[in-house]
**Student:** 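One structure coming up, written as structure tokens, with questions to follow.
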Amino acid sequence: MNTQNRTNPPPDALSKVYSPKQVEKAWYQQWLSKRYFSASFKSKKKPYTVVIPPPNITGILHMGHALNNTLQDILVRHKRMQGFETLWVPGTDHAGIATQNVVEKSLKEEGLSRQALGREEFLKRVWKWREKYGHTIIRQLHRIGCSCDWERTRFTMDEGLSKAVREVFVRLYEKGLIYRGKYIINWCPRCQTALSDEEVQHKEITGHLYYLKYAIEGTDQHVTIATTRPETMLGDTAVGYHPGDERYRHLEGKTALLPLLNRRLTIIQDDLIDPKFGTGALKITPAHDPVDFNLAEKHGLEYVNILNPDGTLNENAGPYKGLDRFEARKKIVSELEDRRILLEMKEHVHAVGHCYRCQTVIEPYLSPQWFVRMKSLAKPAIAAVKEGKTTFTPKRWTKVYLDWMNHIKDWCISRQIWWGHRIPVWTCESCRSKGTPPKTPKDSKIYTEPGMVVSRETPKKCPVCGNAELVQDPDVLDTWFSSWLWPFSTLGWPEKSEELKFFYPTSCLVTGYEIIFFWVARMMIAGHEFMGKEPFKEVYIHGIVRDQTGAKMSKSLGNAVDPIHIIDEYGADALRYGIISITAEGQDVYASKEKFEVGRNFANKVWNASRFVIMNLDKKIIHSCLKSNQAPKITLLGPFDRWILSRLNQTIFNVTDSLEKLRFNEAISTLYDFFWHHFCDWYVELAKPGIRSEGTQWTLCEVLDKTLKLLHPFMPFITEEVWQKIPHRGESIMTSAWPKLDKKRIDTKIEAEAELVISEIQAIRNVRSAWQINPKERVTVAVKTARDREMKILKNYSTYIVQMAKVSSLQIGKNVKRPKESAVANIGRVETYVVLSGLIDTQMERQRIECALLDVEKMIRGLQGRLRNEDFVKKAPKEIVEREQRKAEELENRKKRLLENLKVLTY
RNA sequence: GGGCAAUUAGCUCAGUCGGUUAGAGCGUUCGCUUCACAUGCGAAAGGUCAGUGGUUCGAGCCCACUAUUGCCCACCA
């Protein structure tokens, strides 16, 4: 497609129904080939930057992505039209565990395993898999219409980004902010890796609390402890109670005996132990519980690990070795029961940690891992938000962010998987065995272990002894250890690139609340640590997309409305419209097909209204308008031309304002209302008889042009397609200028007049409808009004009333008498009689009037109540009181007239 | 245990600074193949704004408590 060749087609070439399919692909290609999405640091414009939350390479587009990326595209298209140098950086995340799981699954189908393939071969497979499927989601984003700068597409495992990861690791290590140590971490026995605290999802589970009897050595006494995980008793090395707990005072200095294994257990006191829970006595399992681990460190207890990495029991479990942890639980419970050691079993609801990738129950597990010290790093990220350098929308997330930051814990960053950034640490075996201290960077605060080499690049030999056989740490880094650098690593960091200088910090980050801790908070930390500046000025947090039943949409649940299906069926604009229209600020949204039907209908309305305008354009008039680039003289504009232009400018203001405030649904509903209910329902209908007049021709073009521009960020395809068919300047609507409010066009006087006339037309239509008058039939109408102003207006606009209400003769005056056999309608102080010769049914008309009377009386009662209240009259603002008084007068007037009309009917 | 959100028409939801007769879409009812659009046009019905108490001249909106639902966080085993 070529814009130059696309002159206005003859009207009959426009079909009655908008078909998005033919349009979307062509325009997207056109935009790409014109490089409209590309941004350059050489620009003289102000920058506006957005980085995409990189979807996982395993991802297939779902409604959540559709929402997230539509929002970003709206921002970016809006800012681009406003004249910013706009950059939207796209890319994907390697998603360590998720991707490894997916590839392992496909290997399993081939009867293979990663262990059988070996590390190198397995990684080749993953890269192959990524080549094949890793771009699916990117292609799908094209279909939504996303205007990302695709030439800058990044991947978290790209060479540049990998370099950034290593740089960050080494820098933090040298500052003493990365350390290795043996601690209790969250272990997923299925993925067989450590997880960070954030990667554990807690779920309320109804389990049991088991009461077990532990004998006291050398006595016939015992102590009863309560546990939810009886199998961990095999790893017990102590029993404890609160130092103030009198019940157990007699146990001080004694030793308990572990049932089944007869291990001797120290008895300790610690105020960490809650005397109110269970029996107040606690079994202590240092290797399998974080609290117990702390107790063990404090009291110098032994650590007994009873688990293998896969969740089966190891040799420390004696006779239970080899059993899966849940099998073991069953067996142990039944044996304890047999031996009368299990005294009681109570139902117990508690939170159980699950792996966020595979939902397997997590085990607290003692193992050596790498950690980032977060406390000091968090400080500038906290300050930036407190000082308002970065703001959250909706505001409530500020607190969530700050709470997490203020209680931040060290981040476990090593993962025992293969797919990911390898930890840049090597070991020189000979130095290690000899205990030779390593070369320490000059102002380093760190203690380094013998033989440990931390390096940005793969070292060829040991920097201490020259040994060439160095062994790299087998583990990889948490996926989020690359994601947290995204706002600057994608712009070239650690190089001092021009891009960074121009585009950093980014403007707005758009994401869902489920990754505030994983991603947003950590990006804030990294941005301050490595760039010395906040990574984004605004964070917009949107809701999660759910299905009609409220479940989070997911493929596995089979409840997903597939955005691609919606695009195929209704078009991308309908998808975008639907998803935006239901997104109130930050609320979760419930997606169903009907929502997108509304979008399709709206697109079709835009299409048909435009088609009507195009069919009725007088090329000569338009040509001269375009040529002069001037609006016609005000005298050439009819009252409704001026009315719709006033409404248009009000809409320009409201839509721009809503977008600035990130109120997307407000912006689109303003546009929907303006276009459909003001422009189509009233203006176009009113304009039909005089459509060839210069003023109307110009107004039609002006309103359509500006409205399409306002709509473009929301519905990019149809607006471009239609805009190209109306007289326009410029190549593409997406590079055209955002409409500016023209205050001179806002005319409150004409709006008030138009509203009166519209109400009058509606009143007549109401009567017609109530009396079932054939729509084709014209009616005789008489209007009585006491006020000059209203009479003048109605007389001035009488042709419109005649036209829109199908009136045959219209009489307007102060002393108009009610015609015989007529029905009455009241608006304000205006009384309208519609002649119903032969149709009038006194009974029915009386009922109508009585109904209206009831309404009026109810309102009068409310108003009188207020006006009789002295406090109201005294304390309320003057305008409000006056308004209420006017209203009351008017209602009294209306009541009087209704009563008169009722009287007439009784004859 | 702590926190956040939601509760408005039959359904799904808006409602900004406390101030007209509380809005929209869908659905419903009535009438229309009116020459842009039946994916449409015109008209209408439909509400104790979860409950209780308070602040205020005035509350869907502010405050307190309660109820129901959902989510997040937390080392009560």
Side-chain angles (χ1 to χ4, degrees), chain A residues 11 14 16-18 184 202 209 225-229 232 240 272-274 276-278 281-285 289-295 348 350-351 364 394 396-397 399-400 403-404 407 513-514 516-517 543-544 546 548 550 570 574 581-582 584-590 592 594-595 597-598 600-616 657-658 661 663 665-666 669 672-673 677 680-681 684-685 688 762 765-770 772-776 804 806 855-856 858-859 862-863 866 869-877 879-881 883-884 886-887 891:
Chain A
L14 289 171
K16 273 175 94 164
V17 174
Y18 171 58
I184 291 267
H202 292 277
L209 195 55
I225 57 90
T227 180
T228 53
R229 294 186 297 154
T232 61
L272 230 59
I273 298 161
D274 179 3
K276 288 194 272 310
F277 187 88
L282 173 70
K283 70 188 249 330
I284 296 167
T285 322
D289 187 284
V291 179
D292 297 4
F293 177 79
N294 286 342
L295 290 171
H348 181 65
H350 60 142
R396 62 173 185 274
W397 296 111
K399 191 173 175 292
V400 174
D403 283 351
W404 185 81
H407 299 111
Y513 55 77
E514 73 272 21
I516 290 179
F517 305 145
I544 284 177
R546 299 170 188 280
Q548 299 97 306
Y570 300 137
S581 67
I582 58 176
E585 193 183 72
Q587 293 300 353
D588 285 357
V589 296
Y590 296 77
S592 63
E594 293 81 67
K595 310 272 165 75
E597 269 168 26
V598 178
R600 174 204 54 181
N601 295 353
F602 184 47
N604 198 54
K605 190 71 178 178
V606 170
W607 179 255
N608 274 298
S610 309
R611 189 163 70 100
F612 174 78
V613 171
I614 292 161
M615 284 187 322
N616 285 286
D657 186 56
S658 296
K661 292 175 178 157
R663 292 209 269 255
N665 69 323
E666 191 179 74
S669 71
Y672 181 94
D673 190 50
H677 299 313
C680 293
D681 289 354
V684 171
E685 292 305 323
K688 276 178 180 174
Q762 281 172 330
R765 283 175 173 177
N766 184 336
V767 173
R768 295 182 55 119
S769 191
Q772 304 231 342
I773 296 168
N774 188 323
K776 283 177 198 154
M804 296 295 277
K806 284 250 175 191
D855 272 357
V856 168
K858 200 177 140 198
M859 282 188 272
L863 273 173
R866 233 169 295 169
N869 185 337
E870 275 178 42
D871 283 334
F872 172 73
V873 182
K874 238 190 297 176
K875 293 181 184 171
E879 318 86 79
I880 303 280
V881 178
R883 196 179 62 199
E884 300 290 272
R886 269 202 309 277
K887 219 160 48 187
L891 286 169

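Chain letters run A, B, ... following the sequence lines, proteins first and then strands; every chain starts at 1. These numbers were taken from a predicted model, which means no experiment stands behind them.
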**Student:** Grab the CZ-C1' distance between A:F517 and B:C72 for me, whole Å please.
**Tutor:** 7 Å
**Student:** In terms of side-chain heavy atoms, does A:R866 have a donor or acceptor partner in A:N869 at a distance below 3.5 Å?
**Tutor:** no
**Student:** What interatomic distance, in whole Å, is found between C1' of B:U12 and the corresponding atom of B:G47?
**Tutor:**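 Nearest-Å result for B:G47 against B:U12 at atom C1': 16 Å.
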**Student:** Can you tell me if the side-chain N/O atoms of A:N766 get under 4.0 Å from OP1 or OP2 in B:A44?
**Tutor:** yes
**Student:** Charged N to carboxylate O below 4.0 Å: is that the case for A:D657 and A:R663?
**Tutor:**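 No, A:D657 and A:R663 are not salt-bridged.
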**Student:** Using a heavy-atom cut-off of 4.0 Å across all strands, would you classify A:D681 as base, sugar-phosphate, or nothing?
**Tutor:**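 A:D681: backbone/sugar contact only, no base atoms under 4.0 Å.
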**Student:** Considering only the C1' atoms, how many Å lie between B:A6 and B:A50, rounded to the nearest integer?
**Tutor:** 11 Å
**Student:** Are A:N601 and B:G40 close enough that a side-chain N or O sits under 4.0 Å from OP1 or OP2?
**Tutor:** yes
**Student:** Taking atom CG of A:L209 and atom CD1 of A:I225, what is their separation to the nearest 0.5 Å?
**Tutor:** 9.0 Å
**Student:** Ignoring backbone atoms, establish whether A:R600 has a side-chain N or O less than 4.0 Å from OP1 or OP2 of B:U39.
**Tutor:**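 False: A:R600 side-chain N/O out of range (4.0 Å or more) of B:U39 OP1/OP2.
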**Student:** Would you mind telling me which of B:A74, B:G42, B:U39 lies closest to the side-chain atoms of A:V17?
**Tutor:** B:U39
**Student:** Which is true for A:L209 with a 4.0 Å heavy-atom rule: it touches a base, it touches only sugar-phosphate, or it touches nothing?
**Tutor:**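 Touches nothing.
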**Student:** To the nearest Å, give me how far apart CD (A:E666) and P (B:A24) are.
**Tutor:** 16 Å
**Student:** Looking only at the side chain of A:P775 (C-beta and beyond, no hydrogens), which of the listed nucleotides B:A36, B:A77, B:G31 gets closest?
**Tutor:** B:G31
**Student:** Looking at every strand, decide which applies to A:T228 at a 4.0 Å heavy-atom threshold: base, sugar-phosphate, or nothing.
**Tutor:**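 Sugar-phosphate contact only.
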**Student:** Under a 3.5 Å limit for both distances, which nucleotide forms a Watson-Crick or G-U wobble pair with B:A59, could you say?
**Tutor:**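 No nucleotide pairs with B:A59.
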**Student:** Would you mind classifying the nucleic acid contact of A:A351 as base, sugar-phosphate or nothing, using non-hydrogen atoms under 4.0 angstrom?
**Tutor:**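 Since a base atom lies under 4.0 Å of A:A351, the category is base.
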**Student:** Would B:C17 be called syn or anti, given that syn covers angles within 90° of 0?
**Tutor:** syn
**Student:** If you check every side-chain atom of A:F872, which of B:G19, B:C37, B:A77 has the closest atom?
**Tutor:**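 Taking heavy atoms from C-beta onward, the closest nucleotide is B:G19.
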**Student:** Paired with B:A77 by Watson-Crick or G-U wobble geometry, both distances under 3.5 Å: which nucleotide is it?
**Tutor:**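 Per the H-bond distance test, none.
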**Student:** In Watson-Crick or G-U wobble terms, both distances under 3.5 Å, what is the partner of B:C35?
**Tutor:**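 Matched B:C35 with nothing under the 3.5 Å cut-off.
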**Student:** Please work out if A:Q762 contacts a base, only the sugar-phosphate, or nothing of the nucleic acid, heavy-atom cut-off 4.0 Å.
**Tutor:** sugar-phosphate
**Student:** Less than 4.0 angstrom between a side-chain N/O of A:K16 and OP1 or OP2 of B:C37, yes or no?
**Tutor:** yes
**Student:** Check whether any side-chain N or O of A:D292 sits under 3.5 Å from a backbone N or O of A:T285 as a donor-acceptor pair, and report yes or no.
**Tutor:** yes
**Student:** Which listed nucleotide (B:U16, B:A36, B:C57) is nearest to the side chain of A:E685?
**Tutor:** B:A36
**Student:** Identify which nucleotide among B:C4, B:U33, B:A14 has an atom closest to any side-chain atom of A:N665, counting heavy atoms from C-beta outward.
**Tutor:** B:A14
**Student:** For RNA chain B, whose closest nucleotide is more 5', that of A:N869 or that of A:H350?
**Tutor:**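 Closest to the 5' end, via its nearest nucleotide, is A:N869.
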**Student:** Nearest whole Å is fine: how far is B:C72 C1' from A:R396 CZ?
**Tutor:**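 A:R396 atom CZ is separated from B:C72 atom C1' by 11 Å.
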**Student:** Does a side-chain N or O from A:K875 land closer than 4.0 Å to OP1 or OP2 of B:G58, or not?
**Tutor:**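 For B:G58, neither OP1 nor OP2 has a side-chain N or O of A:K875 closer than 4.0 Å.
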**Student:** Now, which nucleotide makes the Watson-Crick or G-U wobble pair with B:U20, with each of the two distances under 3.5 Å?
**Tutor:** none
**Student:** Can you check whether A:K605 has a side-chain N or O nearer than 4.0 Å to OP1 or OP2 of B:G25?
**Tutor:** no
**Student:** What integer distance in Å separates A:L295:CG from B:C75:C1'?
**Tutor:** 10 Å
**Student:** Report yes if a side-chain nitrogen or oxygen of A:K806 is closer than 4.0 Å to either non-bridging phosphate oxygen (OP1 or OP2) of B:U34; otherwise report no.
**Tutor:** no
**Student:** Any strand is fair game: report the nucleotide pairing with B:C71 by Watson-Crick or G-U wobble, both distances under 3.5 Å, or none.
**Tutor:** B:G3
**Student:** Would you indicate which nucleotide in B:U21, B:A36, B:G19 comes nearest to any side-chain atom of A:M859?
**Tutor:** B:U21
**Student:** Please state how far atom OH in A:Y513 lies from atom P in B:G70, giving the value in whole angstrom units.
**Tutor:**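 Result: 13 Å.
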**Student:** Would you mind reading off the distance between A:K776 atom NZ and B:U34 atom P, rounded to a whole angstrom?
**Tutor:** 7 Å
**Student:** Under the salt bridge (Lys or Arg N to Asp or Glu O under 4.0 Å) rule, collect the residues that match up with A:D855, sequence neighbours excluded.
**Tutor:** none
**Student:** Indicate whether any N or O donor in one side chain lies under 3.5 Å from an N or O acceptor in the other, for A:D681 and A:H677.
**Tutor:** yes
**Student:** Starting the side chain at C-beta, find the nucleotide from B:G42, B:G25, B:A77 nearest to A:R765.
**Tutor:** B:G42
**Student:** Examine B:G25: is either OP1 or OP2 under 4.0 Å from a nitrogen or oxygen in the side chain of A:H677? Give yes or no.
**Tutor:**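 Yes.
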**Student:** Which distance, rounded to the nearest 0.5 Å, do you find between the CD of A:E685 and the CZ of A:F612?
**Tutor:** 7.0 Å
**Student:** Find the distance A:R866:CZ to B:G18:P and express it as a whole number of Å.
**Tutor:**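 One finds 18 Å between P of B:G18 and CZ of A:R866, rounded.
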**Student:** If you assign each of A:K399 and A:R883 to its closest nucleotide in RNA chain B, which residue comes earlier from the 5' end?
**Tutor:**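 Final value for this comparison: A:K399.
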**Student:** Roughly, in whole Å, what's the span from OH in A:Y672 to P in B:G15?
**Tutor:** 18 Å
**Student:** If pairing requires Watson-Crick or G-U wobble contacts with both distances under 3.5 Å, which nucleotide is the partner of B:C11?
**Tutor:**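 Paired with B:C11, as far as the under-3.5 Å criterion goes, is B:G25.
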**Student:** Looking at A:K595, I'd like to know whether one of its side-chain N or O atoms comes within less than 4.0 Å of OP1 or OP2 on B:C13.
**Tutor:**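 Answer is no, no contact under 4.0 Å.
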**Student:** Scan A:I582 against the nucleic acid and name what it touches under 4.0 Å (heavy atoms): base, sugar-phosphate only, or nothing.
**Tutor:**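 Counting heavy atoms under 4.0 Å across all strands, no contact is made by A:I582.
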**Student:** Cation over ring, A:K605 on A:Y18, under 6.0 Å and within 45°?
**Tutor:**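 No, A:K605 and A:Y18 do not form such a contact.
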